[in-house]
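In what follows, every chain begins at residue 1, and chains take the letters A, B, ... in the order their sequences are listed.
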Amino acid sequence: MANEVRVRFAPSPTGYVHIGSLRTALFNFLFARHYGGKNILRIEDTDQTRKVEGAVENLIGSLERLGITFDEGPVAGGDFGPYFQSERLDIYKKYCSELLQKGYAYYAFETSEELEEMRRLQQLEGKQTMYDRRGRDLSEDEVKEKLASGAPSVIRLKVPLGEEVRFNDLVKGTIKIDSDIVDDQILLKSDGFPTYHLANVIDDHLMGITHIIRGEEWITSVPKHILLYRAFGWEVPAMAHVPLILNRDKTKLSKRQGDVAVEDYLRKGYLREALVNFIALLGWNPGEGDEREFFAMDDLIREFSIERVQTSGAVFNPDKLNWMNNSYIKDYDLDKLTELSLPYFSGTGIDTSDRERVRMILNTIRVYLNKLDEIPDHVKIFSTEEVQLEKDELRQILEAESSRKAIGALAGKLEDLDKLTADLYKSAVAEVQAETGVKGKALFKPLRIALTGSENGPELPAIAEILGKEKSVRFLKRWL
RNA sequence: GGUCCCAUCGACUAGGGGUUAGGUCGUCACUCUUUCACAGUGAAAACACGGGUUCGAAUCCCGUUGGGACCGCCA
């Protein structure tokens, strides 16, 4: 590409990062990095009623945890700032009056109530609800008069009628819309703030954005934006509208049907690599018969292309996320995994200052973990001071004559050891088998139950080693 | 309701005129492991429908149906 690629992620600061936003942010990031361009963060905070304290910091923090970084933005700075729209009000006003002057926009004075009434009537008639453009009929004098009287006013886009607005979307192809059904969108609100549509067009142009990559929900407002670019005499950036991420019932992914905040997933112990990998594959794949499923961020950067983004929406499938996360957990560098897991041990009764022990525990249970917050479920057997039987029926197994014989023999052997290791445990059990004649299920089952209170779980020798000699012996002897 | 978008197994998807329509998750079975899980092997499971175009359509075109998004002084 001749010019440097410049893309932007432009969220409104609502306090958390939606999974759908994450994917938009990811795709922008991948696209920018793939072409060696710039990834820009712009905060769309023109709705004063929606301000959330600390939202921007949180947003940047979450994205950075996932490895999505910005070259320009509120924190990174840059030559195209400010990157908060609320700090660019003068710019919008200036361009808006230019529109007014050129006759591409006009003043309107309806109150919210009047507009609501208008919509209600339109709905009754079964028509599309949109501004009926009545403000266009006001004479210059009428407008002057109202303005002078101090009546609240907005500025609306004067949509040229009877035209077909068309554009080429990088993922959807050519899209055309009849301008007659394009709303005379409010550009400047009565509080002096611009709407998304105005601010977005001005900023994208001023910030030199070359490609707009955003969710499909924006597609119907593109004509407004095109008209705006045209009115200003600006070049329209390339656009790519990516399909939505859906609930199980195929509606737009929403809070009501489960977690949608990236922070929720991070908190539950989904690994950043797994989350990024999974989200990237929701709507993108390398194609051409390439059947890989695992991609590190570098792989994604190298292979991502907007042309391979899916045209239809994708259901967010937690089962597959779990599978992928579990795969990452199983393969993860054990030391790093140990560090990441530490917070999840709080309240389990396991002393995390003994890193080596935590490491061993993690290594034996990681195969069971879909996510890190499941750790407590699997470590009870290591922290308990007295084994609890999972169910009462297990007591019978313990009380069998052969069981007592084996348990007693093993307890004796372990007692003689200096230090209990998995290997020593194994040989001790082998000796018990030889000496008592108890073998097979009759041997292993009671030992497992005596040591853990459960019929199943990780490998017994590993458990015994983690338990240590003292505890193992004590647990065994209890059933004699 | 209007406009726009979309349509391959239950889910994510590959394929894109001639394929036994491939892979992954999930499900089921078997093997392995003296447990569960892991791993391995296998199975069930899809081109929404109707018309064209073509020697030949899952693939291209049109329509139908179905689903979704948007229709705010939100973004």
Whether A/Ser427 side chain and A/Asp423 backbone form a donor-acceptor pair below 3.5 Å: yes

Main-chain N/O of A/Ile449 paired with A/Glu455 side-chain donor or acceptor, under 3.5 Å: no

For [N], does OP1 or OP2 lie under 4.0 Å from any side-chain N or O of [X]?
{"X": "A/Ser12", "N": "B/C74", "answer": "no"}
{"X": "A/Asn285", "N": "B/A14", "answer": "yes"}
{"X": "A/Lys127", "N": "B/C71", "answer": "no"}
{"X": "A/Lys189", "N": "B/A75", "answer": "yes"}
{"X": "A/Arg119", "N": "B/C71", "answer": "no"}
{"X": "A/Gln310", "N": "B/A14", "answer": "yes"}
{"X": "A/Lys250", "N": "B/A11", "answer": "yes"}
{"X": "A/Ser221", "N": "B/C71", "answer": "no"}
{"X": "A/Arg248", "N": "B/G67", "answer": "no"}
{"X": "A/Lys252", "N": "B/C70", "answer": "yes"}

Test of ring centre spacing under 6.0 Å for A/Phe9 and A/Tyr83: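 When the ring centroids of A/Phe9 and A/Tyr83 are compared, they turn out to be at least 6.0 Å apart.
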
With a 3.5 Å limit on both atom pairs, tell me what [N] is paired to, counting Watson-Crick and G-U wobble, or say none.
{"N": "B/G16", "result": "none"}
{"N": "B/C32", "result": "none"}
{"N": "B/U54", "result": "none"}
{"N": "B/U24", "result": "B/A11"}
{"N": "B/C38", "result": "none"}
{"N": "B/A45", "result": "none"}
{"N": "B/C70", "result": "B/G2"}

base_contact_polar (B/U35 base, A/Lys441 side chain, donor-acceptor, <3.5 Å):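 Under the 3.5 Å cut-off, the side chain and the base do not form any donor-acceptor pair.
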
Base B/C36 paired with A/Tyr368 side chain (donor-acceptor, <3.5 Å):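 Looking at the base of B/C36, it does pair with a donor or acceptor on the side chain of A/Tyr368 (distance under 3.5 Å).
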
Of the nucleotides [options], which one has an atom closest to the side chain of [X]?
{"X": "A/Lys172", "options": "B/C5, B/A75, B/G26", "answer": "B/C5"}
{"X": "A/Trp323", "options": "B/C5, B/G26, B/C4", "answer": "B/G26"}
{"X": "A/Leu115", "options": "B/A75, B/U3, B/C73", "answer": "B/C73"}
{"X": "A/Gln128", "options": "B/U34, B/C73, B/G2", "answer": "B/G2"}
{"X": "A/Glu293", "options": "B/G23, B/C25, B/C6", "answer": "B/G23"}
{"X": "A/Thr311", "options": "B/G67, B/A7, B/G72", "answer": "B/A7"}
{"X": "A/Ala314", "options": "B/C36, B/A69, B/C12", "answer": "B/C12"}
{"X": "A/Asn456", "options": "B/G2, B/U35, B/A37", "answer": "B/U35"}
{"X": "A/Thr220", "options": "B/A75, B/C4, B/C73", "answer": "B/C4"}
{"X": "A/Arg308", "options": "B/A14, B/U24, B/C4", "answer": "B/A14"}

Closest-nucleotide 5' rank along RNA chain B - winner of A/Glu217 and A/Asn326: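 The residue whose closest nucleotide sits nearer the 5' end is A/Asn326.
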
Which residue lies more 5' along RNA chain B, comparing A/Leu246 with A/Glu459 via nearest heavy atoms: A/Glu459

Residues A/Arg448 and A/Glu459 bridged, charged N to O under 4.0 Å: no

Sidechain N-carboxylate O distance under 4.0 Å for A/Glu116, A/Arg119: no

Interatomic spacing from CG in A/Asn168 to CG in A/Leu170 - rounded to 0.5 Å: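 The CG atom of A/Asn168 sits 7.0 Å away from the CG atom of A/Leu170.
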
Pick the [atom1] atom in [N] and in [M], then give their distance to the nearest Å.
{"N": "B/U13", "M": "B/C9", "atom1": "P", "value": "11 Å"}
{"N": "B/A21", "M": "B/G16", "atom1": "C1'", "value": "12 Å"}
{"N": "B/C61", "M": "B/U53", "atom1": "C1'", "value": "7 Å"}
{"N": "B/G40", "M": "B/G63", "atom1": "P", "value": "48 Å"}
{"N": "B/C28", "M": "B/G10", "atom1": "C1'", "value": "14 Å"}
{"N": "B/U31", "M": "B/A48", "atom1": "P", "value": "38 Å"}
{"N": "B/G22", "M": "B/U35", "atom1": "C1'", "value": "36 Å"}
{"N": "B/C60", "M": "B/C6", "atom1": "P", "value": "12 Å"}

Criterion side-chain contact (heavy atoms from CB on, under 4.5 Å) against A/Leu275, the qualifying member of A/Leu321, A/Asn325, A/Leu26: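 With A/Leu275 as partner, side-chain contact (heavy atoms from CB on, under 4.5 Å) holds for just one option, A/Leu321.
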
Pairwise side-chain contact, A/Trp218 with A/Tyr196, heavy-atom cut-off 4.5 Å (strictly under): yes

